[in-house]
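Shown next, in structure tokens, is the structure this report addresses.
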Amino acid sequence: MKTGGIEKLEIDLSGSEGDFVIVASRWNDDIVIKLVEGAIKELSLQGIDEKKIRLIRVPGAFEIPLICQQVINMGGVAAVLALGVIIRGDTPHFEHVANGCINGIIQVSLKTEIPISNGVLTVNSVEQARERSNCDGDNKGAEAALAALEMVHLLKYQAY
């Protein structure tokens, strides 16, 4: 079965330690909340107990990497899902925020060796963001959840 173009895998997370932490921005909240809903729904469908799913909200996408790092450093984290929306405007601000967010996520994941699934949308318009956060179809939050689950499995079993 496919969700948003990613095939669901049979993965064994039995005995997995740690929570799945969603770090989501509040900027463009009407869209981000749909990404969050998609991620939580997918994690639940894949058998993750809701007690092992935590949600932390941050002001914007630029703040996501720092909170990811802090949460991971506190321990007890299997994976982090970074969710947000950055919409291109008329100034270079879009590139600075997008680059800072994505580069920060990569650095934190490599430094901590904990998977951080990137569900931060970088789009040209609100319409594009809505298309990618559809609860009944393409939902990048759900895709981020599947990617996080697969990474936890790969790291646990060194199945690569």
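Numbers here simply count residues along the sequence, with the first being 1.
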Roughly how far, to the nearest 0.5 Å, is the [atom2] atom of [Y] from the [atom1] atom of [X]?
X	Y	atom1	atom2	answer
Cys68	Lys111	SG	NZ	13.0 Å
Arg130	Leu121	CZ	CG	12.5 Å
Glu150	Leu155	CD	CG	10.5 Å
Ile56	Leu81	CD1	CG	11.5 Å
Arg57	Ile64	CZ	CD1	9.5 Å
Gln69	Ile67	CD	CD1	10.0 Å

Does the side chain of [X] reach to within under 4.5 Å of the side chain of [Y], using non-hydrogen atoms?
X	Y	value
Ile72	Ile116	yes
Val32	Trp27	no
Glu143	Asp138	yes

Q: Determine, step by step, whether Arg54 and Val71 satisfy the side chain to side chain contact (heavy atoms under 4.5 Å, CB included) criterion, reporting the C-alpha distance in whole Å, the side-chain angles of both residues, the deciding distance to 0.1 Å, and the verdict.
A: CA-CA 10 Å; Arg54 293 191 283 148; Val71 167; 4.0 Å; yes
Q. Checking side chain to side chain contact (heavy atoms under 4.5 Å, CB included) against Val36, which of Leu83, Asp29, Ile31 comes through?
A. Leu83
Q | Matching residue for Ser133 among Leu35, Val85, Val123 - test: side chain to side chain contact (heavy atoms under 4.5 Å, CB included) | A |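 Only match with Ser133 under side chain to side chain contact (heavy atoms under 4.5 Å, CB included): Leu35.
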Q.
Before you tell me yes or no, could you show the steps for Glu37 and Lys34 under salt bridge (charged side-chain N to carboxylate O under 4.0 Å, His left out), namely the whole-Å CA-CA distance, both residues' side-chain angles and the distance that decides it to 0.1 Å?
A. CA-CA 5 Å; Glu37 289 168 1; Lys34 291 179 182 177; over 6 Å; no
(Q) side chain to side chain contact (heavy atoms under 4.5 Å, CB included) for Phe62 and Ile86? Distances and angles first, verdict last. (A) CA-CA 9 Å; Phe62 198 78; Ile86 307 168; over 6 Å; no
Backbone N or O of [Y] within a donor-acceptor pair of the [X] side chain at under 3.5 Å?
X	Y	result
Glu42	Ala39	no
Lys52	Phe20	no
Ser109	Ile105	no
Asp19	Val21	no

Over all atoms of both residues, closest heavy-atom pair of [X] and [Y]:
X	Y	result
Cys101	Ala61	SG-O, 3.3 Å
Ala78	Pro115	O-CD, 3.5 Å
Phe94	Ile87	CD1-C, 3.4 Å

Q: Could you please spell out the steps behind the side chain to side chain contact (heavy atoms under 4.5 Å, CB included) verdict for Thr112 and Val77?
A: CA-CA 11 Å; Thr112 63; Val77 175; over 6 Å; no
Q.
Between Val108 and Val80, does the side chain to side chain contact (heavy atoms under 4.5 Å, CB included) criterion hold? Intermediate values first, please.
A. CA-CA 11 Å; Val108 172; Val80 177; over 6 Å; no
